[in-house]
2 protein chains.
Amino acid sequence: MRIGELSERTDTSRRLLRYYEEQGLIISSRSPNGYRNYEENLVDRVLQIRGLLDAGLPTRIIKQILPCLNKPRAIHFPDATPEMLATLTLERDRMTRRIDCLIRNRDAVSEYLDAVSGKRG
Amino acid sequence: MRIGELSERTDTSRRLLRYYEEQGLIISSRSPNGYRNYEENLVDRVLQIRGLLDAGLPTRIIKQILPCLNKPRAIHFPDATPEMLATLTLERDRMTRRIDCLIRNRDAVSEYLDAVSGKRG
DNA sequence: GTCGAGCCTCACACCGGTGTCAAGGTGGGA
DNA sequence: TCCCACCTTGACACCGGTGTGAGGCTCGAC
C-alpha cells in the first residue's frame with residue numbers, strides 16, 4: 001500500500017511515517033515512480049511504534065527492540081551482538097521500572113477517583 | 001533543605017528542580033536571602049515526578065495528578081472540578097494503555113533475551 | 001491536455017525537557 | 001578581608017517528535 005493508506009489505517013501523519021523510515025524503524029520499497037510501497041504488516045508495526053513512543057521510548061531504542069518482536073521470533077535470531085544484548089537487558093529493566101512506576105501512579109489516581117466518586121455523592 | 005541537598009538526594013540537577021518549580025510541580029519557601037527551602041517530603045515528590053516524566057507524562061498532566069497522590073489522600077480532597085475529574089479519568093486510561101503496551105513489549109524483549117541466552121549457549 | 005490528488009524532498013519552526021553559561025548576591029572559614 | 005561554595009535569575013542552545021509549507025513529479029479522470 002502507499003503512504004496515504006498506511007497513514008489512514010494507523011492514524012499517523014505521512015510526515016511521521018517518513019520520519020520513522022528515516023530513523024530506520026520501518027522500511028519501504030519504492031515503485032518506479034519513487035512512491036513508497038508498504039507491506040501489509042507495517043500497519044501493526046507502526047501501531048507498535050506509536051505505542052512505544054507514547055510509552056516514552058526514544059526511536060533509537062525502539063529501533064533496537066523491534067527486530068526482536070517479529071512473529072517468527074524463535075526462527076531467525078538477528079545477529080545479536082553482546083552490546084546489543086546488554087542494551088536490551090538494560091532497556092528491559094528500564095521498562096519494568098517504568099511499568100511499576102506507572103502502575104503505582106495509575107492506581108493512586110484510580111483510588112482517588114474511586115474515593116471522589118464514592119464520597120457522599 | 002536547600003536546593004543543593006535536594007539535588008543530591010534526588011539525583012536531579014538544580015536546573016531541573018527550578019524548572020519543576022516553575023512548572024508548578026513543587027513549591028519552596030524562601031529564606032530571607034532568597035534561597036529556596038524544601039520540606040523533607042519533597043524528596044519523594046521529586047522522585048515521583050521523575051518517574052512520571054520518564055514514563056512519558058508531560059509536566060502539565062503531572063501537575064494535575066500530583067495533588068491526588070499525597071499520603072493523607074482521603075482527608076483533604078482538593079477542589080475537584082468536573083473537568084479535572086474528566087482529565088484524570090482520561091489520563092488514567094491512557095496510563096493503563098501505556099502500561100499494557102509496555103508490558104507486552106517488555107515481555108517480548110524478555111522472551112527474546114531468554115531465547116537467545118537459552119539457545120545452544 | 002489539463003486538473004487535481006497524491007506522492008516526493010527539503011527546510012524551517014515549535015514545544016517540552018534539559019544542559020550550560022553569564023553575572024551577580026550570600027555567607028562561612030582561613 | 002578575601003575566597004570559595006552555594007545560591008539567584010536569565011538567556012541561549014540542543015535534541016527528539018511533530019507540523020507545515022514550498023516546489024516539483026506522477027497518474028488517473030475528464
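So that the names make sense, note that chain A is the first sequence line, chain B the second, and so on, each numbered from 1.
Rounded to whole angstrom, the span from the OH atom of Tyr19(A) across to the P atom of dC15(D) amounts to 12 Å. Rounded to whole Å, the distance from CZ on Arg36(B) to P on dG25(C) is 17 Å. When the P atom of dG16(C) is taken as reference, atom CG of Leu52(B) falls 18 Å away, rounded to whole Å.
Nearer the 5' end of DNA chain C, as judged by each residue's closest nucleotide, is the contact made by Tyr38(A), out of Leu57(B) and Tyr38(A).
A side-chain donor-acceptor contact under 3.5 Å links Arg45(B) to the backbone of Leu25(B).
Look at Arg98(A) and Glu91(A) and you find a salt bridge, because one of the NZ, NE, NH1 or NH2 atoms lies within 4.0 Å of a carboxylate O, short of that distance.
Between the side chain of Arg18(A) and the base of dT9(C) there is no donor-acceptor pair of N/O atoms closer than 3.5 Å.
Interatomic distance, Glu22(A) CD to Leu16(A) CG, rounded to the nearest 0.5 Å: 11.0 Å.
Proximity of Arg60(A) to the phosphate of dG16(D): no side-chain N or O atom is located under 4.0 Å from OP1 or OP2.
The local environment of CD1 in Ile27(A) is sparse, with at most 12 non-hydrogen atoms from other residues, nucleotides or ligands closer than 6.0 Å.
If you check every strand for non-hydrogen atoms under 4.0 Å, Arg2(A) touches sugar and phosphate atoms only. Within the 4.0 angstrom heavy-atom criterion, only backbone atoms of the sugar-phosphate kind lie near Thr59(B); the bases stay farther away.
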